[in-house]
Number of protein chains: 4
Amino acid sequence: MAEEKLNQPTEQAILEAAEKLFLEKGFEATSTTQIAKEVGCNQALIHYYFRTKDNLFNTIFEQKFRLFFQQLFNIEGVKSMGFEEKIRHLIISHFALLENNPQIPLLIIRELSRKPEQVALLREKLRELPEKLFAALNDDLQAEIKAGRVRPVSLIDIMIPAISMNVALFVMMPVVEQVLQMDEGQKKNLIEHRRNANVDFILHSIRA
Amino acid sequence: MAEEKLNQPTEQAILEAAEKLFLEKGFEATSTTQIAKEVGCNQALIHYYFRTKDNLFNTIFEQKFRLFFQQLFNIEGVKSMGFEEKIRHLIISHFALLENNPQIPLLIIRELSRKPEQVALLREKLRELPEKLFAALNDDLQAEIKAGRVRPVSLIDIMIPAISMNVALFVMMPVVEQVLQMDEGQKKNLIEHRRNANVDFILHSIRA
Amino acid sequence: MAEEKLNQPTEQAILEAAEKLFLEKGFEATSTTQIAKEVGCNQALIHYYFRTKDNLFNTIFEQKFRLFFQQLFNIEGVKSMGFEEKIRHLIISHFALLENNPQIPLLIIRELSRKPEQVALLREKLRELPEKLFAALNDDLQAEIKAGRVRPVSLIDIMIPAISMNVALFVMMPVVEQVLQMDEGQKKNLIEHRRNANVDFILHSIRA
Amino acid sequence: MAEEKLNQPTEQAILEAAEKLFLEKGFEATSTTQIAKEVGCNQALIHYYFRTKDNLFNTIFEQKFRLFFQQLFNIEGVKSMGFEEKIRHLIISHFALLENNPQIPLLIIRELSRKPEQVALLREKLRELPEKLFAALNDDLQAEIKAGRVRPVSLIDIMIPAISMNVALFVMMPVVEQVLQMDEGQKKNLIEHRRNANVDFILHSIRA
DNA sequence: TATGAATGAGCCTTCATTCAT
DNA sequence: AATGAATGAAGGCTCATTCAT
């Protein structure tokens, strides 16, 4: 309960090394020996701080998980916007979140099955979505449709493409990078382009 | 490289068991012991046929990989269609391919980094795309744009959303299933719905 | 169920080494590495044959356990004897059993708490005792008491001292050996003496 | 060696926790971590006070050992008794000692082999026996035999059964408890009964 | 073709111990 | 007096691989 106490530098270093490796290679492919080597400490020290590899992973997973979904549903200052502006803002926020945490979706996809407790947490988080955001947005959407500015389409059929396009970009990016031998600049350009392209695509698609 | 001699039944059984497990749990989390148990044979037999676990994995990876991209770019009988029909057909073909091989994208995303040799292969395959398909399709697209039936948009900016939406559906499906506690019927309905929803979304988005 | 199949020589060697070490030092103080060294094989081989240290121990424990209690209650040809002769024979049989398996009592005392399944087995074995032996013996005892040849005493109060004296000798022998710096000959003499001394003590004690 | 300065309360707490655990589970199966947890202190503190686990164990072993044998041979006020009364008193004293320290015999049996230094100590202690007790008692015994009140028997052949019966009761008690599923009351009754039964048995056995 | 036996390397974990504070 | 941090060694176990048959 009393979480977020200031970690010791070593504990923090372990967390960071573990985070890096778990995100990069997944739980199974990461060994505590590798983490220790990355930290530059004895392997037993990892168990001193976190007792088990599973524990260490859970700590990181939960933290990343919370961070991700808290930001995902944290959409302040949207109320005063027009509908199109809202959509644009939400997609760009989501995109930014992924840009800052590009490996989290794959982490969740990979490892959620190993963490049934987290499933419940996610379910709960997702339940907040309709009430806080979905309902309001849906009202706007229905108004837009009635006004003839948007074609008849359900909100979920807007959100799924939006989320899919954003997530897919970052999930598939490592493959694309490798295959197209992209350098950092090219990658940056691609991301920059997709940010707006995704928004445009959605907005074009829903126009009446 | 591609020796296509008919496999022995045992060799085939190993391949099938390995395929199932590798797709399900990934390379690291699958052991040759598990594969042997699944086949119902001796552990050493796997090495008799494939020498190393890596070898066995590569065989499957390459095969799945070929299958995936061959079908992806194999668009017979498209020529006679109209542009919209072509797009619809391509997306639905791609969707069907994913439906039949829902785990392949995750496999590639997960394991491609471990297989630099495969990257070259993929690159080569991708180079065929523009020549066989891309160019022809692009001609159609430019014609449609000139005719005012499609808004000005590059072909790649149509393909990326299309592929993204299809891939994201199947990559994220295991998480969605778990979180929403969907049964088989619900899952089937969702997939059925998305098949057409994805097409519609693309088509709506590109209309002038 | 189909137990007692002919063991491979290596498996047998492992069993023997493990038996020796487990009896000598107990479960906790014996490592699989030590067992492997004793056998002269790789440590992993022990897990190849028995999967876990616990499994290996259980195999030995159960075998020793069964052997011990089967012989304990296997008292053939006693029926035709007179009462005193019966008592003598039973004590000497028990003594011989301990002589051949001097470390088993300590093994059971040490490790039974770690093996709750075995407790049930032992309980069952012990339930056979009264029916097969105890009842008959008790009839004899009552007859002897009525005839005035034996003082009034319950059978259990004869058996407990008998068993105690026999067991205590072998359980305490390692300590006695060490403390008194006895050589093999002295030890043998002591055991030989106690064999008869124990019988005599019991017989003297119950005489009217 | 025997520095008898008053222990610090913490040191005392460690000793008590360690004693409890060592007696219960033996040296190998007890970890300094467990002891620290039992005490509620830091693990390092145990080494601060006792330097090594072995040292801590030796302290306890030696203390228990001394206590056990000092009381064993400490037979005050016996001189004025008659022979039978002496025997009775000695057995009951021994029994009481075991009742208060029921785990010590098993501790010694288990761990003496790991402590060759302690063997010398025990040997020395045992050498005091004949001088202080044995000789006097033997005189009494010979007198009794000569008087025809006791059958011809050596003192050692009285003492071994007496000690054996007492020790065996407490050494085997944990097994008996488990197997017969005895509750505390039943156990208490059994012990109470055996206390006198053991005395009676010895006395009956030596009568002429 | 197929298998049982065997092995070295690595994994996660626990342990006793040390050291600086 | 007491503690948190850190470590080397060892434990049990699994793994991919090899080899003789």
Side-chain angles (χ1 to χ4, degrees), chain A residues 8-11 13-14 27-36 39-57, chain B residues 8-11 13-14 27-36 39-57, chain C residues 8-11 13-14 27-36 39-57, chain D residues 8-11 13-14 27-36 39-57:
Chain A
Q8 305 309 110
T10 308
E11 190 176 354
I14 291 172
F27 179 81
E28 295 274 358
T30 301
S31 77
T32 55
T33 313
Q34 280 169 53
I35 296 171
V39 175
C41 75
N42 190 286
Q43 191 244 58
L45 200 60
I46 283 149
H47 294 89
Y48 171 72
Y49 279 112
F50 297 94
R51 237 186 49 258
T52 65
K53 183 189 175 187
D54 232 81
N55 243 22
L56 172 56
F57 179 80
Chain B
Q8 306 304 109
T10 309
E11 191 175 352
I14 292 172
F27 178 80
E28 294 277 354
T30 301
S31 75
T32 55
T33 314
Q34 281 169 55
I35 296 170
V39 175
C41 76
N42 190 284
Q43 205 199 135
L45 200 59
I46 284 151
H47 291 87
Y48 172 73
Y49 278 113
F50 297 94
R51 239 186 53 255
T52 65
K53 182 190 175 188
D54 231 79
N55 238 28
L56 171 57
F57 180 80
Chain C
Q8 306 309 110
T10 309
E11 188 176 355
I14 292 172
F27 179 81
E28 294 275 356
T30 301
S31 76
T32 55
T33 312
Q34 280 169 54
I35 297 170
V39 176
C41 74
N42 190 287
Q43 190 244 61
L45 200 60
I46 283 148
H47 293 91
Y48 172 74
Y49 278 111
F50 297 94
R51 236 185 52 257
T52 64
K53 183 188 175 189
D54 232 81
N55 242 23
L56 172 57
F57 179 80
Chain D
Q8 306 303 111
T10 308
E11 190 175 353
I14 292 171
F27 178 81
E28 295 276 354
T30 300
S31 74
T32 55
T33 313
Q34 281 169 56
I35 296 170
V39 175
C41 76
N42 191 285
Q43 206 199 134
L45 199 61
I46 285 151
H47 292 86
Y48 172 73
Y49 278 113
F50 297 95
R51 237 185 55 256
T52 66
K53 182 189 173 188
D54 231 79
N55 236 30
L56 171 57
F57 180 81

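Convention: sequence-line order gives letters A, B, ...; per-chain numbering from 1. All of these numbers come straight from a predicted model, not from anything done at the bench.
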Separation of [N] [atom2] from [X] [atom1] (nearest whole Å):
{"X": "B:K53", "N": "F:dC15", "atom1": "NZ", "atom2": "P", "result": "9 Å"}
{"X": "B:N42", "N": "E:dA6", "atom1": "CG", "atom2": "C1'", "result": "13 Å"}
{"X": "C:N55", "N": "F:dG12", "atom1": "CG", "atom2": "P", "result": "14 Å"}
{"X": "C:L45", "N": "F:dG12", "atom1": "CG", "atom2": "C1'", "result": "15 Å"}
{"X": "C:F50", "N": "F:dG12", "atom1": "CZ", "atom2": "P", "result": "15 Å"}
{"X": "C:Q34", "N": "F:dC13", "atom1": "CD", "atom2": "P", "result": "15 Å"}
{"X": "B:E28", "N": "E:dC11", "atom1": "CD", "atom2": "P", "result": "10 Å"}
{"X": "A:I35", "N": "E:dC11", "atom1": "CD1", "atom2": "C1'", "result": "12 Å"}

- Item | Side chain to side chain, B:Y49 and B:L56, heavy atoms closer than 4.5 Å | no
From the set [options], return the single nucleotide nearest to any side-chain atom of [X].
{"X": "C:T32", "options": "E:dA5, F:dG12, E:dA16", "value": "F:dG12"}
{"X": "B:S31", "options": "F:dA16, F:dC13, F:dG11", "value": "F:dA16"}
{"X": "B:H47", "options": "E:dT17, F:dT7, F:dA16", "value": "F:dA16"}
{"X": "D:A44", "options": "F:dT3, E:dT17, F:dC15", "value": "F:dT3"}
{"X": "C:T52", "options": "F:dT3, F:dT7, F:dC13", "value": "F:dC13"}

Kindly compute the distance separating [atom1] ([X]) from [atom2] ([Y]), expressed to the nearest 0.5 Å.
{"X": "B:N55", "Y": "B:R51", "atom1": "CG", "atom2": "CZ", "answer": "5.0 Å"}
{"X": "D:Q43", "Y": "D:S31", "atom1": "CD", "atom2": "OG", "answer": "7.5 Å"}
{"X": "A:I46", "Y": "A:T52", "atom1": "CD1", "atom2": "OG1", "answer": "12.0 Å"}
{"X": "C:I14", "Y": "C:T32", "atom1": "CD1", "atom2": "OG1", "answer": "10.5 Å"}

- Which is true for A:Y48 with a 4.0 Å heavy-atom rule: it touches a base, it touches only sugar-phosphate, or it touches nothing?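 Base contact.
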- Message: Once you apply a heavy-atom cut-off of 4.0 Å, does B:Y49 come out as touching a base, just sugar-phosphate, or nothing?
- Response: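 Result for B:Y49 = sugar-phosphate.
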- Tell which nucleotide pairs with F:dA1, taking only Watson-Crick or G-U wobble pairs whose two distances are both under 3.5 angstrom. none
- Query: Applying a 3.5 Å limit to both distances, which nucleotide forms a Watson-Crick or G-U wobble pair with E:dT17?
  - Reply: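 With both distances under 3.5 Å, E:dT17 matches F:dA6.
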- Task: Using only side-chain N and O atoms of B:T10, determine if any of them is under 4.0 Å from OP1 or OP2 of E:dT1.
- Result: no
- Item | Pairwise 5' ranking along DNA chain F for A:C41 and B:T30, keeping only the more 5' one |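 Nearest nucleotide further toward 5': that of A:C41.
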- Query: If you take atom types as modelled and just measure distance, does the side chain of A:Q43 reach the base of E:dC12 with a donor-acceptor pair under 3.5 Å?
  - Reply: no
